[in-house]
Participant: 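Quick one: the structure is below, questions incoming.
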Number of protein chains: 2
Amino acid sequence: MTLDREQVLRSAAALLSRKSTATMDEVARAAGIGRATLHRHFAGRDALVRALENLGIQEFEAALDAAALDEGSAEEGLRRLVIAVEPAAGLLSFLVTENQLFEGDDLNEGWDRLDARVAAFFRRGQESGEFRIDLTPAWLTEALYALIGAGAWAVQVGRVAGQDFPHMIAELLLGGARRSVEQ
Amino acid sequence: MTLDREQVLRSAAALLSRKSTATMDEVARAAGIGRATLHRHFAGRDALVRALENLGIQEFEAALDAAALDEGSAEEGLRRLVIAVEPAAGLLSFLVTENQLFEGDDLNEGWDRLDARVAAFFRRGQESGEFRIDLTPAWLTEALYALIGAGAWAVQVGRVAGQDFPHMIAELLLGGARRSVEQ
DNA sequence: CTCATTTGAGACGCCAATGTCTCACCGTGG
DNA sequence: CCACGGTGAGACATTGGCGTCTCAAATGAG
């Protein structure tokens, strides 16, 4: 019996990534459980979102670990990160837009840590000479999040093939749209 | 007397860009009018959002016209577009996320036209050899929207200086984060 | 098998926001 | 001066979703 809390969170993430205004009832149905049961495990919508936040933070952190950003070139690190983060892209996109709604009073401090890790990665890339220095690490971090969200959305609605997700994001973020001479 | 409908829409856009869940009452207060008056001019929240949609489409279209994407190099065209779109960035960002909520049944056809114009611009850039061809026009279009939204947000919360908005977006989209040899 | 625990379904009450309405007020034009 | 159209403030009913509760059924442990 013992409800699989993890599984409920997964399906909630999948649903809310697509429809961020989904009802508690819809979330419950999507998870194949009753609304009452959902409420027994998550005190309310806030608690559910916070649990999803923790899940998202945990997954993004795992992706950062798996990417081993310190090893090899910064470019390779970024490619590994994008690949590692793909499964969590939808959830992260949902959480980012959700966070933008709050006034910042009860922001989960986990985001700061993640932001710092990503920004530090870009900064290292700049210091090693791989990344240009006229784009700030903070902006590159924001841009990475935005492109991950856009990529997840584009795949969702079928504008981009799912298999192209890592390539589209990493290539655009690294090399931009301009056709460079070296190609 | 005769309420300035345009001005009401402007302040509503400014408020909703920051807080997309703002109440009709908050929107009215922000415009300096009563809630009843707001309802007299916009039948409901839906009508208000649709009016904002038309405003956003109109402004984006105007930005596309002003950018004269056909003149000069594609790169210059893109830079002009980003500059021209900046004033409407917040509104567009709000509308994009708002659109993602709907199932697509009552989507304003104006977006298709705009998407087509932007995608056609990227395609021309590819055909002229300026833009790389491994990133699809559809993806470049989505990426442009995402970066505009991220830029507006980053400026909003102070992570990026307002004056850097065009440079950050255009440079990242054109050249990416990689430090190229030509620099 | 029996019992304790958990679940699903539904019935509430509650609350915030919406949409409508009334009424007093005020500016403007006649 | 006065009539009129538009406005602000507030009252009101409605709606949709939330959170709580109850109870019968199902499930699993012992």
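Fair warning: this is a prediction, and the values are worked out from it, not measured in the lab.
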Participant: Name each donor-acceptor pair under 3.5 Å that joins a side chain in residues 85-97 of chain B to protein atoms two or more places apart or in another chain, with its distance.
Facilitator:
residue	atom	partner	partner atom	Å
Thr97(B)	OG1	Ser93(B)	O	3.4
Thr97(B)	OG1	Phe94(B)	O	2.9

Participant: Calculate the interatomic distance between Arg40(A) atom CZ and dA9(C) atom P; express it in whole Å.
Facilitator: 12 Å

Participant: Would you say the side chains of Asn54(A) and Asn108(A) form a donor-acceptor pair under 3.5 Å?
Facilitator: yes

Participant: For Ala143(A), give me all partners under side chain to side chain contact (heavy atoms under 4.5 Å, CB included), at least two apart in sequence or on another chain.
Facilitator: Trp139(A), Leu173(A), Leu147(B), Leu172(B)

Participant: What is the distance, to the nearest angstrom, from the CD1 atom on Ile33(B) to the P atom on dG10(D)?
Facilitator: 16 Å

Participant: Excluding sequence neighbours, so at least two apart, what forms side chain to side chain contact (heavy atoms under 4.5 Å, CB included) with Gln58(A)?
Facilitator: none

Participant: Using whole Å, what does the distance between atom C1' of nucleotide dT6(C) and atom CG of Asp4(A) come to?
Facilitator: 15 Å

Participant: Generate the contact string for nucleotides 14-19 of chain C. Rules: B means base contact, S means sugar-phosphate contact only, - means no protein heavy atom under 4.0 Å.
Facilitator: ---SBB

Participant: Hey, what else clusters with Trp153(B) if you join Ile, Leu, Val, Met, Phe, Trp, Tyr whenever side-chain heavy atoms sit under 4.5 Å?
Facilitator: Val157(B)

Participant: Under 4.0 Å between a side-chain N/O of His41(B) and OP1 or OP2 of dT7(D), yes or no?
Facilitator: yes

Participant: Just to verify, what does Ala62(A) make a side chain to side chain contact (heavy atoms under 4.5 Å, CB included) with, not counting sequence neighbours?
Facilitator: none

Participant: Rounded off to whole Å, could you give me the CG-to-P distance for the Leu38(A) and dT7(C) pair?
Facilitator: 11 Å

